[in-house]
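Please read the structure below before turning to the comments.
Bear in mind the structure is a predicted one, so any value in this text is a computation, not a measurement. Along the sequence shown, residues carry numbers from 1.
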Amino acid sequence: MAPSFSAADHDFMARALRLAELGLCTTRPNPRVGCVVVRAGQIVGEGWHRRAGGRHAEVHALQAAGDSARGATVYVTLEPCSHHGRTPPCVDALLAAGVARVVAAMPDPNPQVAGRGLASLQAAGLRVDCGLLAAEAAEVNLGFVARMTRCRPWLRLKLAASLDGKTALRNGASQWLTGSAARQDGHRWRARACAILTGIGTVRHDDPQLNVRGVDELDAGFHPPMKVVVDSRLELSPEARLLRDGRVLVAAALDDPARSDALARRGAEVLLLPGPQGRVDLPSLLVELARRGVNEVHAEAGFGLSGALLGAGLVDELLLYLAPCLIGDAARGMFDLPPLEALAGRRELSIRDLRPVGADWRLLARFS
C-alpha cells in the first residue's frame, strides 16, 4: 500500500529539494541531495550535499539539529546511503541520532544502495516512507539516474538559432546570433554539466575556450567540467584555446602517435574509439564518460556532430535559444539529418519550458 503524505510532508520535502538544488554545480559525480530534520512541526536542522568527498546532506542536517534530532522526522531527497564510500553510511548517522521517521523522495538507483538503505532503517524499527515528490527528485538528478540505470550520461544539446532554424551563415559566421543574456544563461547550463562536448569543426572555426565564464553564483568548490572534443582524425591543434586550462579528452577514430604526443604535452588525453566510416564511435564515447563518473553532458556542436548525436539516439534534451531574426534559406541548419519520405518518421518532442532570456527565447524540449 502506498504511503499517505500530509500537506506538511509535501512542504518539508519541497524545502529539501530546494536545498538539493544548491549543489547543482558542485556535487559531481555524486547526486544532488537535500535534507530537512523536523521535530514537532518545526525545522530544527537542514543541509545539502555540497561537494564530492564532503559530508552528505543527512550529516549536515543532523549536525545542525543536534540533540533535537532525537525522535524527529527526516526528509531527504534520495534514499540514505548504506555503504562505505569516501564517507561513512548515512544510515548509521541517522540511527545514531535517534530519529523516528525517514521520508525519502526516491530510492537510490545506485546498485550499491538500491533499497538497502531504506531496508536497514526499517529493520532498525524506524518508520520509513518513500515516494514523496519522486518525479521532482529524479529531475534534480536526471544525469545521475541516467548513468546508474542505463550506463550513459544525460546528454543536453545546446543550439542557438534564428527563427527560421538557422545557426550560422553559409560561410560559418555565427557570432553573435543571440544576445549577451542568452550567452550568459548558456554558461549557467555549462556549469551544471560534468562535461562539455564539441566537435573538431567547431574548434577549427571558432577556437572556443569551452569553459564556464560569467556565472557569479559559483563558489570556491566549483570544479570546471571536463572538455571533450570529437576529433576523428586528430586534427586538434596543440595551440587551441581550449587546451589552456582544465581537463581535456580528445576522442579519435584514427591513431596518430605524433599528434597524440603533441596533445599529451598540452595536458590532453587522447582516447581511441574507432567506429564506422572512420568516425568516432559516439555511443561508446558516452559509455566511457559514464564510466568516468560523468552524469550530464552539455553538447555545443555544429551541423554534422549535432546530427550524428541525434541520429544515434544519444540526445535526451534540446536547449534551444531562438533569436528574433531571419537569416535566409542558404544559411546553415541545426542538424545534419537524412530526409524523411513521410511525416510518420518525424521525431516527436515535448516542450518542457519556454521563456524569454533578454531579447531571445529559450526553449527546453525532450524527446518523447
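- From L24, atom CG reaches atom CZ of F222 across 10.5 Å, with rounding to the nearest 0.5 Å.
- If you take OG on S82 and CG on D108, they are separated by 8.5 Å, rounding to the nearest 0.5 Å.
- A heavy-atom distance below 4.5 Å is found between the side chains of F335 and L318.
- Cluster annotation: V76 is not connected to L19 through the hydrophobic network of ILVMFWY side chains, with a link wherever side-chain heavy atoms come within less than 4.5 Å.
- Counting all heavy atoms, side chain and backbone alike, T77 lies closest to A137 at O-CB, 3.6 Å.
- L94 and L132 are assigned to two separate hydrophobic clusters, defined by single-linkage of ILVMFWY side chains at heavy-atom distances under 4.5 Å.
- Listed by chain and number, the residues in a side-chain contact (heavy atoms from CB on, under 4.5 Å) with E239 are S237, R266 (sequence neighbours excluded).
- By the salt bridge (charged side-chain N to carboxylate O under 4.0 Å, His left out) test, E341 pairs with no residue at all, sequence neighbours left out.
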From CA spacing to verdict: side chain to side chain contact (heavy atoms under 4.5 Å, CB included), D255, S260: CA-CA 8 Å; D255 192 13; S260 293; 4.1 Å; yes
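- G179 and D360 make their closest contact through N-OD2, 2.8 Å (heavy atoms, listed as atom of the first residue, atom of the second, distance).
- Under the 4.5 Å side-chain heavy-atom criterion for Ile, Leu, Val, Met, Phe, Trp and Tyr, L286 and V145 are members of distinct hydrophobic clusters.
- For the pair P224/V212, no side-chain contact is recorded, criterion being any heavy-atom separation below 4.5 Å from C-beta on.
- Proximity of L354 to W361: side-chain heavy atoms (C-beta onward) are separated by under 4.5 Å at one or more points.
- Closest approach of C325 and L177 over heavy atoms only: SG-CD1, 4.0 Å.
- Residues K158 and H298 form a side-chain contact, since some pair of their non-hydrogen atoms from C-beta on lies under 4.5 Å apart.
- Under the side-chain contact (heavy atoms from CB on, under 4.5 Å) criterion, P283 pairs with D281, L314, sequence neighbours left out.
- Among residues two or more places apart in sequence or in another chain, the side-chain contact (heavy atoms from CB on, under 4.5 Å) test is passed with A299 by L155, L157, L197, L309.
- The hydrophobic cluster containing L273 also contains L305, counting ILVMFWY residues as joined when their side-chain heavy atoms lie under 4.5 angstrom apart, directly or transitively.
- Residues E300 and R190 are paired through a salt bridge, judged by an N-O separation under 4.0 Å between the basic side chain and the carboxylate.
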List the steps, then state whether salt bridge (charged side-chain N to carboxylate O under 4.0 Å, His left out) holds for R247 with E269. CA-CA 8 Å; R247 296 174 298 154; E269 177 187 354; over 6 Å; no
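- Within the 4.5 Å cutoff, the side chain of R192 has no heavy atoms near those of the R188 side chain.
- Between V294 and M226, the closest heavy-atom pair is CG2-CE, 4.4 Å.
- For R241, the salt bridge (charged side-chain N to carboxylate O under 4.0 Å, His left out) test picks out D207, with sequence neighbours left out.
- What you find for G278 and A253 is that their closest heavy atoms are O-CB, 3.3 Å.
- Taking the side chain as every heavy atom from C-beta outward, L249 and R292 approach each other to under 4.5 Å.
- Counting only N and O atoms by type, the side chains of N295 and R28 include no donor and acceptor under 3.5 Å apart.
- Residues passing the side chain to side chain donor-acceptor pair (under 3.5 Å) test with R362 are D185, D353, sequence neighbours excluded.
- When side chains are defined from C-beta on, C130 counts as touching P107, because their heavy atoms get closer than 4.5 Å.
- Listed by first then second residue, pairs satisfying side-chain hydrogen bond (donor to acceptor under 3.5 Å, both in side chains) with a partner in residues 58-73 read R55-Q63, not counting sequence neighbours.
- Sequence neighbours left out, the pairs with a member in residues 31-43 that pass side-chain hydrogen bond (donor to acceptor under 3.5 Å, both in side chains) are R32-E296.
- Partners of D245 by side-chain contact (heavy atoms from CB on, under 4.5 Å), not counting sequence neighbours, listed by chain and number: N211, K227.
- Counting only residues at least two apart or on different chains, the side-chain hydrogen bond (donor to acceptor under 3.5 Å, both in side chains) pairs with a member in residues 129-143 are R101-D129, R127-D129, E139-R366.
- I200 belongs to a hydrophobic cluster whose other members, connected by ILVMFWY side-chain contacts under 4.5 Å either directly or through intermediates, are I196, V203, L210, V229, L234, L236, L242, L243, V248, V250, L263, V270.
- Under the 4.5 Å side-chain contact rule for hydrophobic residues, L118 and L78 share a cluster.
- For D164, the side chain to side chain donor-acceptor pair (under 3.5 Å) partners are S162, not counting sequence neighbours.
- Between E288 and L271, the closest heavy-atom pair is CG-CD2, 3.6 Å.
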Take E21 and R18 through the salt bridge (charged side-chain N to carboxylate O under 4.0 Å, His left out) test and state the conclusion after the steps. CA-CA 5 Å; E21 290 174 349; R18 289 195 295 272; over 6 Å; no
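- Between the side chains of N30 and T27, no donor N or O sits under 3.5 Å from an acceptor N or O.
- A tilted orientation is assigned to the rings of F12 and Y75, their planes being inclined by 30° to 60°.
- Panel note: side chain T202, backbone T198; no donor-acceptor pair is recorded below 3.5 Å.
- The existence of a salt bridge linking R150 and D316 is confirmed by a sub-4.0 Å separation between a basic side-chain nitrogen and an acidic carboxylate oxygen.
- Between V74 and C35 the shortest side-chain heavy-atom distance falls below 4.5 Å.
- Around CZ of R355, the count of heavy atoms belonging to other residues, nucleotides or ligands within 6.0 Å does not exceed 12.
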